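One structure is given here, and the rest of the page talks about it.
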Amino acid sequence: MPWIAYGALMLAACILHQFAAFALIAHAFALPACARRPWACTALLVAAGVAPLAALGMAQSGQVAWIDGVTGSEYQRFAVLVSFAILLSCLASSGNAGKVSPEVPVSLRVIALPLFILPTALLMLISLYKPLYVERYVLYGLVGLALLLGAVLDRVPELGRNLRVATVIVVALVIALLVPESLRLRAPESRSDNVTDLAITLSREYAPGDGILYLSVKRRAWSLAYPSVSRGMFDIAQELTPAASHDLYGTELPSPQIHALMRSSPRILVVTEPVGHRVESSGTEMMKERVLAEYFTKGRTIRINGARVIIYEPRATATEAERVVP
């Protein structure tokens, strides 16, 4: 009966959030030998239950093409937290949290350490092949670190004075690292893009006759958050809206038509990602950049969290230049 309940719980978790499967893998490291066979059978049933959803998700993996690769600072931060987690595990290992008994055959640290390390480590490893790492996706791993912190604090009264001071310092350092980052993750500014500010900027800068140009088709997904704002704007390259094409990006016109529409625009508001965060470099995107460079003058750049709006004005032709010369 306990394994049925465990399997039902993990299946529900994986259906709600597919990356919860990493927790299932982490549990394998915490089990005694006698429990590994029933766990394996349960894990296979959970995998079979979530497989259709996983297959559907893989078919739609293009919808998360906006996710960038793991940065050096993210690797560094995770390595620091792993070091602290291992230290906390060692401090907790000789207390009650590190003991096993017939009633509790698994120590807390054996459960907590893999639960903290494995989900993030596995997603980072997968992201070397296909960028999928977003810290929120494996935020549940912090439960493992919280358990280690609790186990160490539970041991403090048993320690000598020097060890007690050292333990309190280690715990304080971990909390000092975690709390600001945890608050940051829950703030709107932590998102890779701020679609609210983008919508406000476009509605403020757009004038009748202007054209909106998404350098990358992937960035058209930003328009979905506020469809009422984008509905009245002329999207130069768009052929089908995201709703009509049943995806996040819509479809774009052939390059010659985009070229002609760009040339005829009195002003273009280019929506693109920040410098150094290019999603793709397709032939269509390079054509857009080439037309902008040859026939338009770059004006103001409005920087938003995760995006830029660049205003382009047409270059004056030789005939137009002669008209303004007195």
Side-chain angles (χ1 to χ4, degrees), residues 1-54 78-127 132-133 135 137-160 163-164 166-167 170-171 174-175 178:
M1 189 65 184
W3 288 108
I4 294 174
Y6 171 78
L9 179 64
M10 290 308 302
L11 179 60
C14 292
I15 288 173
L16 292 172
H17 178 41
Q18 291 180 46
F19 290 142
F22 295 142
L24 187 68
I25 298 171
H27 295 163
F29 288 81
L31 293 171
C34 61
R36 284 174 187 162
R37 183 184 294 274
W39 173 87
C41 294
T42 306
L44 285 173
L45 290 173
V46 170
V50 80
L53 184 61
F78 180 59
V80 170
L81 287 176
V82 167
S83 301
F84 274 113
I86 293 172
L87 179 57
L88 290 171
S89 178
C90 293
L91 289 172
S93 62
S94 59
N96 291 331
K99 296 177 181 178
V100 297
S101 67
E103 294 79 17
V104 185
V106 179
S107 69
L108 183 146
R109 69 186 182 90
V110 172
I111 298 173
L113 193 60
L115 183 59
F116 172 64
I117 294 175
L118 282 178
T120 300
L122 289 172
L123 191 55
M124 283 182 167
L125 189 62
I126 291 170
S127 294
L132 289 173
Y133 178 76
E135 195 167 4
Y137 291 172
V138 286
L139 197 60
Y140 63 83
L142 288 177
V143 170
L145 193 57
L147 288 172
L148 288 172
L149 285 169
V152 171
L153 288 174
D154 185 58
R155 280 213 60 214
V156 168
E158 306 171 13
L159 302 175
L163 271 178
R164 192 181 306 155
T167 301
V170 170
V171 170
V174 174
I175 293 173
L178 286 177

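Numbers here simply count residues along the sequence, with the first being 1. Please read these numbers as outputs of a predicted model, since none were measured by experiment.
Put simply, the side chain of Ser127 gets close to the backbone of Leu132: a donor and an acceptor are under 3.5 Å apart.
Taking both residues in full, the closest heavy atoms of Leu145 and Ala85 are given as CD1-CB, 3.8 Å, listed atom of the first, atom of the second, then distance. Pro119 approaches Tyr140 most closely through the heavy-atom pair CB-OH, 3.6 Å. When all heavy atoms of Ala26 and Leu118 are compared, the pair lying nearest together is CA-CD1, 3.7 Å. Residue Ser89 comes nearest to Leu113 through the heavy atom pair OG-CD2, 4.0 Å, listed as atom of the first residue, atom of the second, then distance. Between Gln18 and Ala54, the shortest heavy-atom distance links the atoms OE1-CA, 3.4 Å. Here the closest non-hydrogen pair linking Leu88 and Val152 is O-CG2, 3.3 Å.
Rounded to the nearest 0.5 Å, atoms CD1 (Ile175) and CG (Leu153) are 6.5 Å apart. Considering CZ of Arg36 and CZ of Phe29, their distance stands at 9.5 Å, rounded to 0.5 Å. Note: Ile126 CD1 to Leu122 CG = 6.5 Å, rounded to the nearest 0.5 Å. To the nearest 0.5 angstrom, Leu147 atom CG is 12.0 Å from Asp154 atom CG. One distance of note links CG of Leu115 with CD1 of Ile25; it measures 12.0 Å at 0.5 Å rounding. A distance of 13.5 Å separates CD1 in Ile4 from CG in Leu9, rounded to the nearest 0.5 Å.
His17 and Phe19 have perpendicular rings, their planes meeting at more than 60° on a 0 to 90° scale where under 30° would count as parallel. Taking the six-membered ring where tryptophan is involved, the planes of Phe116 and Phe78 are tilted, since the angle between them lies from 30° to 60°.
Between the side chains of His27 and Tyr6, at least one donor-acceptor pair of N or O atoms lies under 3.5 Å.
With sequence neighbours excluded, the residues forming a side-chain contact (heavy atoms from CB on, under 4.5 Å) with Ala43 are Leu24, Trp39, listed by chain and number.
Using a 4.5 Å heavy-atom threshold, the side chains of Phe22 and Leu123 count as touching. Tyr133 places a side-chain heavy atom less than 4.5 Å from the side chain of Thr120.
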